[in-house]
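Right, one structure below, let's go through it.
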Amino acid sequence: MQHSVSPVGIVRSCFKEKFAIPRQPRLAPAARGVLELLPPFDQGEAVQGLEQVSHVWLLFLFHQALEDTPRLKVRPPRLGGNKSMGVFATRATHRPNGIGQSVVRLDGIAPGRLLLSGIDLLDGTPVLDIKPYVPYADCIEDARNQMASDAPQAIAVQWGESALSQAREHALRLAEPLVELIEQCLAQDPRPAYQVPSPERVYGVKFWDVQVRWHYPHPALIEVLEVASEG
Ligand code: SAM
């Protein structure tokens, strides 16, 4: 059976590249974005009542991980990237039909737009459906997942000499919680689990319109080196 689907909206996200996006939503509450609804869903009727809801499920396309041939097994980075699992036992991005699901905080509703936070979505992600979170049905107290029982262990993040004031300046300009976003995302330790970084190696990622650069003075500590406008 074939059935085609079309996006109901596009996410404008703080995350401009896949690197350093948290593995799951709510790990970085300062990760904000706007879901721009596409016609005819942008006229208000389709979201009437959603103002009574604190969180929404987004079903979306991993548009930058779509593949023609479905994989049956994947190597989740969380397991070090060298252990393969059945794709349906993981939340991997490379999956049949390329569908992701995230429960995110609904901070507000503006004409044709949903204001979101705690997202794990790349800028430009097409959203296929929006559903209200239903606590009595969606929150399962005794549920277990032995492969992903806890959030990733956070590591310490410290600020280099000028980096913090640079981040504060850009935060004011963007009117976004950029300092918290950088701290929350880097605390997830974005580097691939198998990589042992030398202090000389500098990592970088683009949040909003700024380049963030950091290094590891030692494997359990990140130091933010620079927060600079692109270009
Ligand atoms: N919460 C979702 C789920 O469980 O389906 C996503 C989990 S997946 C492990 C999260 C990762 O997907 C992020 O770290 C990011 O690198 C990647 N990602 C987010 N949006 C994407 C997109 N539009 N295309 C490809 N990869 C994306």
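Just so you know, residue 1 is the first one in the sequence shown, and it goes up from there. Hydrogens, waters and symmetry mates play no part in the numbers below; they use all other heavy atoms, side chains included. When a ligand or atom number is given, it counts from 1 through the structure's own listing order.
- Using a 4.5 Å heavy-atom cutoff, the side chains of Phe60 and Ile99 are not in contact.
- For the residue pair Gln195 / Tyr216, no side-chain donor-acceptor distance below 3.5 Å is found, with atom types taken as modelled.
- Residue contacts with ligand 1 for Thr93 involve side-chain atoms from C-beta outward but no N, CA, C or O (heavy atoms, distance under 4.0 Å).
- Heavy atoms of Leu61 come nearer than 4.0 angstrom to ligand 1 in at least one pair.
- Ser13 places a side-chain N or O within 3.5 Å of a backbone atom of Leu121 that can act as its donor or acceptor partner.
- Using a 4.0 Å cut-off between charged side-chain N and carboxylate O, Asp142 and Arg144 make no salt bridge.
- Nearest-heavy-atom check against atom 2 (C) of ligand 1 across Gln101, Arg91, Gln188 picks out Gln101.
- The nearest protein atom to atom 7 (C) of ligand 1, hydrogens excluded, is given as Arg23 O, 3.3 Å; this is a heavy-atom distance.
- A salt bridge is absent between Asp123 and Lys206: the closest approach of a Lys/Arg side-chain nitrogen to an acidic carboxylate oxygen does not fall below 4.0 angstrom.
- Counting protein heavy atoms only, atom 24 (N) of ligand 1 is closest to Gln64 N, 3.0 Å.
- The contact set between ligand 1 and Gly100, taken as ligand atoms under 4.0 Å from a residue heavy atom, comprises 5 (O).
- No single ILVMFWY cluster, assembled from side-chain heavy atoms under 4.5 Å apart, contains both Leu128 and Leu58.
- Leu115 has its side chain out of reach of Arg32: every pair of non-hydrogen atoms, C-beta onward, lies at least 4.5 Å apart.
- Atom numbering of ligand 1 starts at 1 in the shown order; those under 4.0 Å from a heavy atom of Thr125 are 20 (N), 22 (C), 23 (N).
- Note: Phe19 and Trp214 have parallel aromatic rings, judged against thresholds of 30 and 60 degrees for the angle between ring planes.
- Counting heavy atoms closer than 4.0 Å to ligand 1, residue Pro22 contributes backbone atoms (N, CA, C, O) but none from C-beta onward.
- Taking atom 20 (N) of ligand 1 as the reference point, the nearest protein heavy-atom neighbour is Leu122 N, 3.1 Å.
- Looking at atom 26 (N) of ligand 1, its nearest protein heavy atom turns out to be Lys18 CD, 3.5 Å.
- Ring geometry for Tyr133 against Trp57 counts as tilted: the plane angle lies between 30° and 60°, on a 0 to 90° scale.
- Selection from Ile21, Leu66, Asp120, Val11 by nearest heavy atom to atom 14 (O) of ligand 1 gives Ile21.
- Of all protein heavy atoms, the one closest to atom 27 (C) of ligand 1 is Phe62 CD2, 3.6 Å.
- Taking every heavy atom of Pro25 and a limit of under 4.0 angstrom, the matching atoms of ligand 1 come to 1 (N).
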